[in-house]
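FYI, side chains are in, hydrogens and waters are out, and symmetry mates aren't considered; it's all heavy atoms of this structure. Lettering of chains follows the sequences in order, A, B, ..., and the numbering in each one begins at 1.
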Amino acid sequence: MSVLKLKNSYTRALEVFQPLDPRGECVTMYSCGPTVYSYAHIGNFRSFLMADVLRRVLERNGYEVRHVMNITDVGHMTEDHVADATGEDKLAKAARELGTDPFRVARHFEDAFVADARALKLKIYQGGEAGDETLHPRATAHIAEMLAAIQRLIAGGFAYVVPSGEVYFEVAKFPEYGKLSGKVIDDLEAGARVEVRDEKRDPRDFALWKVDAKHLMQWDPHSNVGWEPDDWRRFVQLCPDGVDARIKPGFPGWHIECSAMSRARLGPVIDIHTGGEDNIFPHHECEIAQSYGAYHTHVPGPHGAPDEGAPRNTFARYWVHGRFLLVNNRKMSKRDGTFFTARDLFNPVAEGRADLARDLEAAGFAGGRVPANVLRYALIANQYTQPMNFSMESLAQARASVERLQIRYDKLREAVGDTGDSSEVASDRVLTLVEGALRDFDDALNDNLNTPNALAAVFKAVGELNQMELGLAEAREALRMMESFNDVLDVLDTTARSGLITREQVQSWLEPESLRSKAAHLKHWAEAPDREQLWERIEAGQLPAFDELAPVEQMDGAMIELFVAIRQNARKAKDFATGDAIRDDLKKRGVQLEDTPQGFRWVRG
RNA sequence: GGUGGCGUAGCCAAGUGGUUAGGCAAUGGUUUGCAAAACCAUCACACGCGGGUUCGACUCCCGCCGCCACCUCCA
């Protein structure tokens, strides 16, 4: 298997991945998570999905991944042109609009985020990980760790307290500030847009602790006011001598939270830190400076890198940043109507966006709604190193692509069926195909998560399989391959949603005895109001009107089989109008029926 | 102004100093009672423009043009 390589923002080079774990087994990964003052948009999710694909690829390479993604519930400033703490916090703004306290607002949006993340199959919210609180730390629950770090920064001379009671990191004390982002210090100083705050020693200095009476979330560093009891107890343990007396009640700065949470959950140094490209500066630049200042964190350059073994003064060895998602080649904008949350696409009407529902309907989305697996595909189909231009058309292409994969997958499942083990051995042509496709898939993903090439390998394999008649063992191998692809892609509906009915089976069901026994165990059928009459007609081999069978909301296998039998009876009598009517009716009820040389294929959609 | 990046056939999107990426769409055909699915073919003598290096450049170098992002909370 090929070796995983990642584009490291820190060195701007493609580097071989090598975990810090001396056993080479465990990987620690921290992803900058959502700020929960609104619903997460598709750009947010592109970034989170990049992290999701990365951790799945790591697992594919045999690593055990401990992945942490935080919840930023402290909030950030909203008045972007007003420097520092004079603006209103975004969470506070949301709270004012929702008429409740900021903690509840944050929880509301966090819950919404989790629901969306689950729908999009973020593995960190699947299974056991979903309930593991340690993997989803909240910023408000780590004020103790943040203040402890701030105190260390002050004690070490990396930070200073100003008369207002705020604390700033002194950038001049960390000469490597700017290394990650490539920002030249002089450029920043020249930036006239940064309103110089008198209290700062240098305009580039950034806030670690802020004081603003208007802010709704407040913690007193010198008493338990504003604290959850557990958090306060922990703070006292972490800082038995308290923090600098000049620090006044307030709230943490923008960047300290991730340093604190990463350290608390994953330890002093980690393998991978991910985020969006906008995080590079200033957020991650500041994280690096803080962590070094407080704890002198450093990691060795990985094997094969020019600085192999030499210390990098950062707490993460690999910095991986996803490029932005654009709409109409611009950043998303609410004003231009190019701003989409995930739930806008899942159910536009419920989000008050009937216009979007119409556009989606026009793009071929039934009911004007985008299935989550289609959105997932659309957001991972491009390589993360390139900006992605999102559009109705790209969504429609994703839908078609997913459908092509799903159809192939369904047919393989049908071919394999429930049959147990078989001594039959797959032919070399299929074994070679599967082996080659999986190798190409892995090679592409290991090449800096090149998902377009990985998908090319998938579709090449699908195309070749579509040209073949597969035996049982071959279908089983091919199915195994598709499932392996899906371990990373996770876009397939893996429930048994389709079936194949042979002509022989249908023929036997048309016998009155068989038909009656088939009908008898159908609960819905038995509840039909005029069932005696219908019963007689069925026994006579007659076709009841489809509506007479309503309400049949759940088309289970037996129900579908019954209708297939009735339809085939009509077709045998060359009554194609009736046959087609049944097929159309089934479609309305979410079941697609296809005639194949072997028999009849049904797909629940 | 500073920094980083991008411009590949109708659309999306990999990749390479010299043999078909892949997907989507469209059109024609095979198959089908009709569909669906699938296959085949076409669109494809594709690589922003102009120079240069080279036996040969879409790929390397130089110069343009256009677009985007970051530099400010932002995935």
Side-chain angles (χ1 to χ4, degrees), chain A residues 9 12 31-35 37-38 40-51 72 75-84 87 89-90 178 181-184 186-188 190-195 254 274-283 285 321-326 329-332 377-379 381-391 393-405 407-408 410-411 440 444 447 450-460 462-463 465-468 571 574-577 579-580 583-584 587 592-597 601 603:
Chain A
S9 308
R12 294 169 195 76
S31 298
C32 281
T35 304
Y37 57 81
S38 63
H41 58 67
I42 56 176
N44 299 129
F45 277 113
R46 187 197 185 195
S47 175
F48 302 144
L49 282 166
M50 178 267 286
T72 295
H76 291 290
M77 310 304 293
T78 186
E79 308 291 342
D80 47 315
H81 54 281
V82 180
D84 299 340
D89 184 88
K90 280 183 181 176
S181 60
K183 299 293 175 202
V184 180
D186 294 345
D187 300 337
L188 295 174
R193 272 172 288 190
V194 179
E195 192 179 317
W254 306 327
T274 74
E277 60 175 315
D278 56 318
N279 282 157
I280 296 172
F281 189 91
H283 188 54
E285 195 77 75
H321 294 100
R323 301 296 306 273
F324 268 129
L325 175 147
L326 308 172
N329 287 312
R330 292 275 189 288
K331 273 182 83 168
M332 287 193 290
Y377 184 98
L379 294 176
N382 294 11
Q383 195 172 14
Y384 76 94
T385 52
Q386 298 296 332
M388 168 189 291
N389 193 25
F390 185 86
S391 64
E393 198 173 7
S394 67
L395 263 185
Q397 291 185 7
R399 180 176 47 81
S401 299
V402 170
E403 185 63 14
R404 185 170 163 84
L405 299 182
I407 288 166
R408 184 67 257 178
D410 288 341
K411 286 182 176 174
D440 290 347
D447 180 18
N450 191 329
T451 44
N453 272 346
L455 288 169
V458 170
F459 283 104
K460 181 161 172 281
V462 167
L465 286 174
N466 282 342
Q467 295 171 48
M468 298 177 181
R571 290 177 80 229
K574 299 283 180 199
D575 182 3
F576 292 119
D580 291 350
R583 190 171 61 196
D584 292 344
K587 181 147 195 161
Q592 180 166 311
L593 202 59
E594 296 167 12
D595 303 330
T596 74
R601 213 182 150 247
V603 185

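The nearest heavy atom of RNA chain B to A/H41 and to A/D580 marks one nucleotide each, and the one closer to the 5' end goes with A/D580.
Contact check, A/Q467 against B/C40: a side-chain N or O comes under 4.0 Å of OP1 or OP2. At the phosphate of B/A75, neither OP1 nor OP2 sits under 4.0 Å from any side-chain N or O atom of A/T274. For B/C70, one of the phosphate oxygens OP1 or OP2 lies less than 4.0 angstrom from a side-chain nitrogen or oxygen of A/K331. Residue A/N382 places at least one side-chain N or O under 4.0 Å from the OP1 or OP2 atom of B/A13. Put simply, A/R404 has a side-chain N or O that comes within less than 4.0 Å of OP1 or OP2 on B/C39. A/N466 has a side-chain polar atom (N or O) that falls below the 4.0 Å cut-off from OP1 or OP2 of B/C39.
Nucleic acid contact class of A/S401 (heavy atoms, under 4.0 Å, all strands): sugar-phosphate only. Residue A/N453 is in base contact, counting any heavy-atom pair closer than 4.0 Å across all strands shown.
The A/Q592 side chain lies nearest to B/A36 when the options are B/A75, B/A25, B/A36. Here the nucleotide nearest the side chain of A/R571, chosen from B/G33, B/C74, B/A36, is B/G33.
For B/U19, there is no paired base (Watson-Crick or G-U wobble, both distances below 3.5 Å). Using N1 to N3 plus N6-O4 or O6-N4 for Watson-Crick, or N1-O2 and O6-N3 for G-U wobble, each under 3.5 Å, B/A26 pairs with B/U42.
Here A/R583 pairs with A/D580 in a salt bridge; the nearest charged N to carboxylate O distance falls below 4.0 Å.
Comparing the P positions of B/U31 and B/A36 gives a spacing of 16 Å, expressed to the nearest Å.
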